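One structure is given here, and the rest of the page talks about it.
Computed from a predicted model, the values in this text were never measured in an experiment.
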Amino acid sequence: ATSTQKATDEKFHALLDDRKQALTTYFSAAESDTSILSASPVARNAVQQFTKAWRVIGDDAAANVQDLYVGQNPDASARELLEDAKDGSYYSILHKRYHPWFREVLNQKKFADILLLDMDGNVIYSVKKEADFTTGVLADRNNQTDLGIVFDVASAEVLPGIPTFIDFAPYQPSNDVPAGFLAEPIFSDAGVKVGVLAIRMSTDIIDEILSMANGMGQTGEMYLVGEDALMRNNTRLSPTPTRLTQEVISDGIDGAIIDGKPSDELLTSYLGIPSYTYV
């Protein structure tokens, strides 16, 4: 390789390492946050008390809570703003107590949602209150959402501090917006599993990290590719969304996915342009 090409290769490998480190830091922080939240006294008390409130209402719990916090919610586009449905119920007393705290955590950490599930798989609390709120995630075993899958695995864990991760995929209860999930069981003071805390992750931060233009020039871009060969982010150069729709197949990418070997290739990009690709 010429000295110019060598300098270019070194520059882009440094940029690639920088973005890899940023992504690793983000995912590690999200896993750590999940463990810290699930072990917190707030989550422990909230899931036990919401479970009790759910049982107090009885068979109509899902319909009742759904009506209070979705049906009668004065702000359909930002349901998280409602703290108290003011119906005087035990559930609403608890919601007023815990919701501001969970909402603040969500805003600070830029999560898409924080959800609490009882051990029967009922979504007894959610910050954002989208279509999965008040549903029973075990109701349809043959058509399970990723929230149901992550609940299944997390609720079977016997030790705290081991988050379960489900990779990003279109999430039907949120209008098929891509979402990943982290979840962990919540244990009582006596060490009994009392529920599951689930974090719905947005791809926005991944987009932010990978679309940083500094050092990339006019035609450089970065993307994250999953084992299914689909991009996990919207790239800065594509005129249309690429997240979970754009396939990227090359020997270098296949090698990196299969055996973790980095490589450099000159190939035709997904935009049909000859491009140096660094994996």
Side-chain angles (χ1 to χ4, degrees), residues 23-55 80 94-95 97-130 132-139 141 144-169 171 173-174 177-206 226 232:
L23 283 173
T24 300
T25 300
Y26 167 61
F27 281 108
S28 296
E31 287 188 351
S32 177
D33 288 337
T34 304
S35 293
I36 291 167
L37 281 170
S38 63
S40 70
V42 180
R44 184 185 307 135
N45 292 335
V47 79
Q48 290 181 93
Q49 291 170 0
F50 274 125
T51 297
K52 197 181 293 181
W54 197 264
R55 288 175 183 160
E80 69 274 14
L94 296 175
H95 195 275
R97 180 185 303 163
Y98 292 112
H99 181 64
W101 188 84
F102 281 111
R103 183 178 60 197
E104 180 63 21
V105 171
L106 178 133
N107 291 334
Q108 290 286 340
K109 300 295 184 180
K110 297 183 178 178
F111 294 137
D113 202 359
I114 300 173
L115 310 105
L116 297 176
L117 297 92
D118 66 17
M119 289 306 292
D120 294 325
N122 297 305
V123 183
I124 54 177
Y125 170 77
S126 153
V127 174
K128 300 293 270 188
K129 296 177 179 62
E130 297 202 1
D132 49 13
F133 178 52
T134 74
T135 61
V137 298
L138 303 181
R141 286 284 190 178
Q144 223 170 5
T145 66
D146 281 351
L147 178 60
I149 294 167
V150 82
F151 171 82
D152 257 352
V153 180
S155 62
E157 286 287 350
V158 293
L159 294 171
I162 307 171
T164 299
F165 174 66
I166 298 286
D167 196 4
F168 290 89
Y171 185 55
S174 186
V177 171
F181 282 93
L182 278 162
E184 213 172 299
I186 300 171
F187 292 86
S188 71
D189 289 333
V192 178
K193 268 185 288 191
V194 289
V196 166
L197 179 135
I199 302 293
R200 179 156 58 88
M201 301 170 70
S202 162
T203 56
D204 291 351
I205 295 178
I206 297 173
R232 293 297 187 268

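- Taking both residues in full, the closest heavy atoms of V47 and L116 are given as N-CD1, 4.1 Å, listed atom of the first, atom of the second, then distance.
- Side-chain contact between E31 and P163: present, with at least one pair of heavy atoms (C-beta onward) separated by less than 4.5 Å.
- The heavy-atom pair separating F102 from A43 by the smallest distance is CZ-CA, 4.0 Å.
- Ion pair R44/D189 flagged as a salt bridge, since at least one NZ, NE, NH1 or NH2 atom sits closer than 4.0 Å to an Asp/Glu carboxylate oxygen.
- L147 is not listed as a side-chain neighbour of F151, based on a closest heavy-atom distance of 4.5 Å or more.
- In this structure, the side chain of T135 engages the main chain of D132 through a donor-acceptor pair within 3.5 Å.
- At least one side-chain heavy atom of W54 sits less than 4.5 Å from a side-chain heavy atom of T134.
- No donor-acceptor distance shorter than 3.5 angstrom exists from the side chain of N122 to the backbone of D118, with no hydrogens or angles considered.
- Between H99 and Y125, the ring planes lie perpendicular to each other; the angle is over 60°, past the 30° to 60° tilted range.
- Considering only heavy atoms from C-beta on, L197 comes within 4.5 Å of T34 through its side chain.
- Exactly one residue among S202, S126, S174 makes a side chain to side chain donor-acceptor pair (under 3.5 Å) with D113. That residue is S126.
- For the residue pair E184 / T164, no side-chain donor-acceptor distance below 3.5 Å is found, with atom types taken as modelled.
- No donor-acceptor pair closer than 3.5 Å links the side chain of T203 to the backbone N or O of I206.
- Contact of the R200 side chain with the I114 side chain is not registered, since no non-hydrogen atoms from C-beta on lie closer than 4.5 Å.
- At least one donor-acceptor pair closer than 3.5 Å links the side chain of S40 to the backbone N or O of L37.
- The two atoms that bring K193 and F187 nearest to each other are CG-CE2, 3.4 Å, heavy atoms only.
- The backbone N or O of S28 sits nowhere less than 3.5 Å from a side-chain atom of S32 that would complete a donor-acceptor pair.
- Taking the six-membered ring for Trp and the full ring otherwise, the centers of F181 and Y171 sit less than 6.0 Å from each other.
- When side chains are defined from C-beta on, L117 counts as touching V137, because their heavy atoms get closer than 4.5 Å.
- The nearest pair of heavy atoms linking V196 to A183 is CG1-CB, 4.0 Å.
- For the residue pair L138 and D120, the shortest heavy atom distance occurs at CD1-O, 3.6 Å.
- Contacts of D146 classified as side-chain hydrogen bond (donor to acceptor under 3.5 Å, both in side chains), with partners at least two apart in sequence or in another chain: none.
- For the pair K129 and F133, the distance from NZ or CZ to the six-membered ring centre is under 6.0 Å and the angle to the ring normal is within 45 degrees.
- In this structure, the side chains of L106 and E80 stay at 4.5 Å or more apart for every pair of heavy atoms.
- Considering R55, Q48, Q49 as possible partners of T51, the one that fulfils the side-chain contact (heavy atoms from CB on, under 4.5 Å) test is R55.
- A 4.5 Å side-chain heavy-atom check between M201 and Y26 finds at least one atom pair inside the cut-off.
- Scanning both residues, V127 and R103, for their nearest heavy atoms gives CG1-CA, 4.0 Å.
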